2 protein chains.
Amino acid sequence: MNGDAFDPDCPTRLILDRIGDKWSVLVVLSLRNGPRRFTELRDAIGGVTPKVLTQTLRAMARDGLLTRHVFAEVPPRVEYELTPLGQSLHAPIQAVADWAEHHVNEVMAAREAATG
Amino acid sequence: MNGDAFDPDCPTRLILDRIGDKWSVLVVLSLRNGPRRFTELRDAIGGVTPKVLTQTLRAMARDGLLTRHVFAEVPPRVEYELTPLGQSLHAPIQAVADWAEHHVNEVMAAREAATG
DNA sequence: TGCCCTTGGTACCCTCTGGAAACCATGATG
DNA sequence: CATCATGGTTTCCAGAGGGTACCAAGGGCA
């Protein structure tokens, strides 16, 4: 029994809060095939604002999930890339994303049945 | 290529937003072994307030992930139970929770290294 | 006949984050 | 000298998250 995650003071909960964030999930999926620049990420992840994307990337870098590499060029270039730790997170996250894709119809049907 | 999840108007994103919520994750894990009452859930999931738990359970019921069964008793009794759809979500969520447990040390180390 | 107990929530309030839009520094380029 | 592109930052605002107090409906008990 791994009830650890239910203790609000347990580190596992902190991690769950972080990686449970929808933007973090989408960043991991966006970077699964290699490094990307800030603007590429912003364009790839529809609906994210630069402020929130910056916050998300900074937090993920702080947690060792990705690296931030700044090139001394003009115009500036910054590349984000998953660390091995971040890459190891891809499989579980992909499993959740796959679930969402496969069951979206059922969920939407239930939602509409409840609403209407 | 399953880039669907990156379109903000894609239903998959809506689902991802819902099940990505940390309380939903913990509710699924709490109910994986059978039905539970409101108070049991509130006590099992440390730190959740009744308001937020109610919101979460109502939304999950609306999405067909769990059922809400009210017994006409006094004091009132309400049982929440995962539907088959909700149970199918357990495996992917458990994978993420397992990842968190296995890598919490690495993340905490990275976080402290960045802070200090 | 009151009084308290339990459960499953609501109501109220307040903070704090998520998001929208505007702005900025740099230097190459026309 | 104006323009353009990048990778953000700043400001402001609404709405969600969260804390605390309270409520309704009986049953048991004194």
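On a predicted model such as this, the values are computed, not experimentally measured, just so you know. Reminder, nothing fancy here: chain letters follow the sequence lines and each chain counts from 1.
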Sugar-phosphate only, base, or nothing, as touched by A:Tyr80 at under 4.0 Å among non-hydrogen atoms: sugar-phosphate
Touch class at under 4.0 angstrom, heavy-atom based, for B:Glu73 against every strand present: nothing
Heavy-atom side-chain contact between A:Val96 and B:Leu16 under 4.5 Å: yes
Between [X] ([atom1]) and [N] ([atom2]), how many Å, whole number?
X: A:Phe71; N: D:dG7; atom1: CZ; atom2: P; value: 10 Å
X: B:Arg77; N: D:dG26; atom1: CZ; atom2: C1'; value: 16 Å
X: A:Gln55; N: D:dT9; atom1: CD; atom2: P; value: 9 Å

Opening and closing nucleotides of DNA chain C in contact with chain A, under 4.0 Å to non-hydrogen atoms: C:dG18 to C:dG27
Test applied, side-chain contact (heavy atoms from CB on, under 4.5 Å); reference residue, B:His103; option that passes from A:Leu89, A:Leu85, A:Ile19: A:Leu85
Sub-4.0 Å heavy-atom contacts from residues 37-45 of chain A onto DNA chain D, ordered by number: A:Arg37, A:Phe38, A:Thr39
side-chain N/O B:Trp23 vs D:dG18 OP1/OP2, d < 4.0 Å: yes
5' priority, DNA chain D, between A:Leu57 and B:Thr49 [closest heavy atom]: A:Leu57
Main-chain N/O of B:Trp23 paired to B:Asp21 side chain as donor or acceptor, under 3.5 Å: yes
Main-chain N/O of B:Gly46 paired with A:Arg13 side-chain donor or acceptor, under 3.5 Å: yes
Position toward the 5' end of DNA chain C (nearest nucleotide), A:Val74 or A:Val52: A:Val52
Along DNA chain C (nearest heavy atom to each residue), the more 5'-positioned of A:Pro76 and A:Gly47: A:Gly47
Side chain of A:Lys51 (C-beta onward), nearest among D:dT6, D:dG8, D:dT11: D:dT11
